[in-house]
**Q** 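Take this structure, written in structure tokens, and hold onto it; I'll ask about it next.
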Amino acid sequence: MRIAVIDYEKCNPKKCSYECIRFCPRNRAGDKCIFKGEEGKPIIDENICIGCGICIKKCPFRAIQVVNLPEALKENPVHRFGRNGFVLYRLPIPTPGKVIGLLGSNGTGKSTALKILSGKLEPNLGGSETSIEKMFRGNELQDYFGKLAGTRTVYKPQQVDQIPEIYKGKVTKVVNKKGKEFLERLHLSYITDRDVSDLSGGELQRLAIAMALSRDGDFYFIDEPSSYLDVRERLEVGKLIREVSREKTVMVVEHDLATLDFMADQIHIFYGTPGVYGIVSKPYGVRVGINTFLHGYIKEDNVRMRPEPIRFEVISPTKEKENPVLVRFSEIKKKLEKFILVTEPGRIYAEDVLGIFGANALGKTTFARIMSGELEPDSGLINPRVRISYKPQYIHTNHEGTVGEVLRKNSNFSKYKNYLLGPLSLERLMDSRVKTLSGGEAQRLVIALCLLQDAEMYLLDEPSAYLDVEQRLAAAKVIQNIVKLREATCMVIDHDLLFLDFISRRGMVFLGEPGKEGMAKEPAGLEKAFNTFLKDLKVTFRRDPENGRPRANKPESVKDREQKEKGNYYYS
Ligand code: SF4
């Protein structure tokens, strides 16, 4: 079975000459494979299409995708967005008393599934005459949809930055009594007298979670709860979600594998071609589900999601000192209003990727600004000062031009485009206007723009935000490659521990009291840095023997106690 999807936002018949229709070999043979619809936009008849790919290549706006579905897939779609739109097959199963995690690439239907299960979107079953209850006869979903009308569902949306557009006024007015208790649990009592419009991304995220979990519901659907949060906050949110799940059903979309592993009981994998189709796997136990995803092979559908399994390499300490020193710094002190940053003396090596660990508001970005010379320290020496290319944490995409125009403006574009465009999946976006990009698309663009600059040090602040797991790992490889090619150094500030483990060769830990005092440890080997960081969090990690990924131990489990006794918080 073949799926042909046209992105009607990209399709622009006023600026093309219907190449898709003119060059289609079935049309040329007299069939009506691609034809003009009522609004003048093309329609592809999937029953006639032979999947030759000519229309895909001829369309000047890269608006068409045609892909074959797995042969093992026999059932009808649950939902299709229009005749040549995205198709979703199967649904995850909400299970009372459990946290169900949804894992998969952006654009494979996770949010669509949540909207269907929460009753916000009525599934059209791909135009089939059957009913949703009949479609899932004999399965838990039949019962679920039978009761959906009387079920109270609560949905926490992905885009928390839109909350101030919906809720106006003081926080105290938008949360109920239970919500205030949850805010206290999440260390946010101090925001109750503040205006919603004055909150940071991390505060908005925790407010949205507290608001959702405090509502009286039977099923809770939580879309990406970790965005904008640091590791401690992610673990606290995970604990709260687990507590709520004891009496209710909770389903969570999450791309941070360490948080998902900590929070979920079962996993459904979403796979397919982003923007074209998505298939929901059967439920797996959390360990098997994440390992199956990283292995990339779905046995029941005989589908390989990627050519190679993903493995996490343990960096040998001998590799840590191979490179020459790029920058030396003494103890640095910098006071900014009520906040003070103090660092230990240290060295940063060339061709190194230095992971920066620490809670929000401990001075990580301040340190980077000092390194670049943008900020002068109150005391301390940095030798030499290096040219830095900086990708900020918050990205603004109000640029008028297209992605291609923005990228081509950089004189290094033709030299490095092969290392950036394919791996960061930017090729299909070259004609898209920057201000229409999604969060993940904009993130990939700004990572590319940062790496195109000539610099001795690349500083990327939260490059994993808005990216799915595949994109995070692809971005990590791109960053490592460019650093090597340019013989530069990279500092990566992030809160996704698997991403930091995957990308970093060394680590630098920021401890202290957020907003008041930041204490930066000297850059050290990855194991030492992780150990210092996790000891401060009082959380232990072990490595999964199948793929080397770090996994959080359950608090007070045998492993957790054993590792704490030995001081091995990060078990490599
Ligand atoms: Fe033109 Fe491409 Fe749209 Fe066909 S799909 S009408 S070639 S823009």
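Atoms within each ligand, like the ligands themselves, are counted from 1 in listed order. The figures here come from the full heavy-atom set of this structure, side chains too, leaving out hydrogens, waters and symmetry mates.
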**Q** Are Arg486 and Asp454 within salt-bridge range, i.e. N to O under 4.0 Å?
**A** yes

**Q** I'd like to check the salt bridge (charged side-chain N to carboxylate O under 4.0 Å, His left out) partners of Glu400; sequence neighbours left out, ordered by chain and number.
**A** Lys435

**Q** What protein N/O/S atoms sit under 2.8 Å from atom 2 (Fe) of ligand 1, by chain and number?
**A** Cys59 SG

**Q** For Lys391 and Gln443, which I'm curious about, is there any donor-acceptor pair between the side chains at under 3.5 Å?
**A** yes

**Q** Please enumerate all residues that pass salt bridge (charged side-chain N to carboxylate O under 4.0 Å, His left out) together with Glu75, with sequence neighbours excluded.
**A** Arg90

**Q** Between Gln158 and Ser111, do the side chains contain an N or O donor and an N or O acceptor separated by less than 3.5 Å?
**A** no

**Q** Enumerate the residue pairs fulfilling salt bridge (charged side-chain N to carboxylate O under 4.0 Å, His left out) with a member in residues 465-482, sequence neighbours excluded, ordered by first and then second residue.
**A** Arg306-Glu470, Arg472-Asp496

